[in-house]
Amino acid sequence: MKRLKTLPIHPGDSVVVLTGAGISAESGIPTFREKGGLWEKYDAYKLATPEGFKTDPLRVWQFYSERREAIQKCEPNAAHQALVSLESYMAKKGEFLLVTQNVDALHQRAGSKNILEIHGNIFRTRCSNPDCEGWYQPFEDTDLHMDEVPKCKICGAPLRPDVVWFGEPIDPMLEFRVQQALRSCDYFIAIGTSGTVYPAAGYVQTAGDAGARTVLINAEAPHNIAFFKEFYQGPATKILPALLGLD
Ligand code: BV8
């Protein structure tokens, strides 16, 4: 790969990073829409919607439990680590916000701090009954629920993974913080995302309209490529450290 010019990010800059499943691919975690991806093998409607959970909660718990088990055997990779270095480089004077669509918690394990998990976290569980206080009290849960659906201790309703399914809104507080950051950042860097799922796929346009330098690192050209000023095609573990001058 030809030597990449490092991005001229200064400590006083404001940087928003958006990651998708592609940043965890080289840690061994399958992506969703590539060849062999999760939504090629499984029906997203049946496994990642409230309707699918209502119809067959155990099948959904088996899907999320298999992913919990697989993710626990994976480690953060050089791309996750590069974002930790970028965050500490900017900690003194700049602003750094890591927005992730991923639920695998690899950014936390790598050491990133200022993270917004807009699609939730696979290692948290909460009550599925919106009228129960357990709905607002997700708790850490690494257990596998393959044989029976766990039930809420408060109201007896089925418990669910604390992730955002299709047709469910992103937490309004998180979305507000993302939108605020997009409107004032100098850099918007997206890594490993196909630009398919909204509202995340629209973030680049908000940042670009507000004058940010929009950069994409991805293995292939995604749906929303037209909104990026710069596109570096290839594996995040090689390209991101090079762009940040860490290689
Ligand atoms: C919302 C759950 C509104 C967690 C996921 C009808 C009703 C309501 C909404 C809609 C609707 N129709 C459409 C919508 C909007 C919908 C949507 O966008 N649908 C799409 C499919 C068109 N969005 C929603 O429903 C969202 N909510 O809009 O609510 C609302 C408002 C008020 C009231 C009610 C509703 C919720 C979206 C969240 C859905 N949850 N998952 C989980 O199980 O993980 S989606 C799933 O997609 C994951 O979260 C994932 O993170 C996300 C995005 O995918 P990517 O991360 O981009 O992964 P993908 O595989 O696609 O791409 C990976 C890329 O990496 C590839 O391009 C590949 O080339 C690259 N790559 C691979 N290896 C590498 C690499 N790059 C670099 N290096 C490598 N080594």
Side-chain angles (χ1 to χ4, degrees), residues 1 17-53 59-68 70-71 74 76-80 82-83 98-107 115-126 130 138 160-172 174-176 178 189-204 215-225 228 231-243:
M1 187 174 66
V17 173
L18 171 69
T19 60
I23 199 170
S24 297
E26 291 168 88
S27 295
I29 298 176
T31 59
F32 291 89
R33 293 172 188 85
E34 289 181 291
K35 217 167 154 20
L38 286 172
W39 298 151
E40 198 182 79
K41 275 195 227 144
Y42 299 102
D43 179 343
Y45 184 77
K46 289 201 175 99
L47 298 171
T49 62
E51 299 77 9
F53 183 73
R59 180 71 198 92
V60 172
W61 268 114
Q62 287 163 346
F63 172 63
Y64 280 91
S65 296
E66 282 156 16
R67 288 173 65 196
R68 272 186 181 172
I71 291 168
C74 299
N77 62 47
H80 297 102
L83 292 179
L98 173 50
V99 181
T100 188
Q101 301 172 89
N102 299 341
V103 299
D104 60 29
L106 283 192
H107 285 303
I115 307 172
L116 295 184
E117 294 178 302
I118 58 169
H119 292 168
N121 184 311
I122 199 165
F123 297 109
R124 282 198 308 261
T125 293
R126 72 169 204 264
R160 58 167 283 177
D162 187 32
V163 298
V164 178
W165 284 324
F166 290 107
E168 294 186 316
I170 308 296
D171 175 328
L174 295 186
E175 186 60 12
F176 174 77
V178 173
I189 304 172
I191 306 163
T193 181
S194 64
T196 318
V197 174
Y198 288 85
Y203 291 167
V204 55
V215 178
L216 173 70
I217 299 166
N218 210 55
E220 65 199 356
H223 295 271
N224 57 353
I225 179 85
F228 287 94
F231 171 39
Y232 299 88
Q233 184 160 2
T237 55
K238 301 279 173 301
I239 293 191
L240 185 59
L243 279 181

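Scope of the values below: all heavy atoms of this structure, side chains included, with no hydrogens, waters or symmetry mates. Counting starts at 1 for both ligands and their atoms, following the listed order.
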Non-hydrogen protein atom less than 4.0 angstrom from [atom]:
atom: atom 49 (O) of ligand 1; value: yes
atom: atom 11 (C) of ligand 1; value: no
atom: atom 24 (C) of ligand 1; value: yes
atom: atom 14 (C) of ligand 1; value: no
atom: atom 20 (C) of ligand 1; value: yes

Tell me the protein heavy atom at minimum distance from [atom], and give that distance in Å.
atom: atom 34 (C) of ligand 1; value: Gly167 O, 3.4 Å
atom: atom 45 (S) of ligand 1; value: Phe166 CZ, 3.5 Å
atom: atom 17 (C) of ligand 1; value: Tyr198 N, 3.9 Å
atom: atom 78 (N) of ligand 1; value: Ala236 N, 2.9 Å
atom: atom 31 (C) of ligand 1; value: Pro169 CB, 3.8 Å
atom: atom 67 (O) of ligand 1; value: Asn218 ND2, 2.9 Å

>> Within a 6.0 Å radius of atom CZ on Phe176, are there more than 12 heavy atoms belonging to other residues, nucleotides or ligands?
In response: no
Where ligand 1 meets [X] - atom numbers and elements under 4.0 angstrom, heavy-atom basis:
X: Glu26; value: 78 (N), 79 (C), 80 (N)
X: Glu34; value: 68 (C), 69 (O), 72 (C)
X: Ala25; value: 73 (N)
X: Arg67; value: 42 (C), 43 (O), 44 (O)
X: Gly20; value: 56 (O)
X: Gly192; value: 63 (C), 64 (C), 65 (O), 76 (N)
X: Thr196; value: 18 (O), 20 (C), 22 (C)

Nearest-0.5 Å distance, [atom1] of residue [X] to [atom2] of residue [Y]:
X: Leu98; Y: Ile191; atom1: CG; atom2: CD1; value: 8.0 Å
X: Ile23; Y: His80; atom1: CD1; atom2: NE2; value: 5.0 Å
X: Gln233; Y: Ile239; atom1: CD; atom2: CD1; value: 8.0 Å
X: Gln62; Y: Leu47; atom1: CD; atom2: CG; value: 9.5 Å
X: Gln101; Y: Ile170; atom1: CD; atom2: CD1; value: 8.5 Å

Check your understanding: Ion pair present between Arg160 and Glu168, side-chain N to carboxylate O less than 4.0 angstrom?
Key -> yes
Show the atom names and distances, to 0.1 Å, of all donor-acceptor pairs under 3.5 Å that link a side chain in residues 217-225 to residues at least two apart or in another chain.
residue: Asn218; atom: OD1; partner: Gly192; partner atom: N; Å: 3.3
residue: Asn218; atom: OD1; partner: Thr193; partner atom: N; Å: 2.9
residue: Asn218; atom: ND2; partner: Glu220; partner atom: O; Å: 2.8
residue: Asn224; atom: ND2; partner: Ala201; partner atom: O; Å: 3.0

So, regarding [X] and ligand 1 (criterion: nitrogen or oxygen to nitrogen or oxygen, under 3.5 Å), is there a contact or not?
X: Pro235; value: no
X: Trp39; value: no
X: Trp165; value: no
X: Phe32; value: yes
X: Val103; value: no
X: Ala219; value: yes

**Asked** Are Gly234 and ligand 1 in contact, using a heavy-atom cut-off of under 4.0 Å?
**Response** yes
Residue-ligand contact Ala48/ligand 1, heavy atom below 4.0 Å:
no
Among [options], which residue places a heavy atom closest to [atom]?
atom: atom 65 (O) of ligand 1; options: Ala21, Gly22, Gly195; value: Gly22
atom: atom 5 (C) of ligand 1; options: Leu240, Val197, Val164, Ile191; value: Val164
atom: atom 27 (N) of ligand 1; options: Glu168, Gln233, Lys238, Glu175; value: Glu168
atom: atom 54 (O) of ligand 1; options: Arg33, Gln101, Lys35; value: Arg33

Is a side-chain donor-acceptor pair under 3.5 Å present for Ser24 with Asp104? yes
N/O donor-acceptor pairs under 3.5 Å from side chains in residues 28-38, not counting sequence neighbours:
residue: Thr31; atom: OG1; partner: Glu34; partner atom: OE1; Å: 2.6

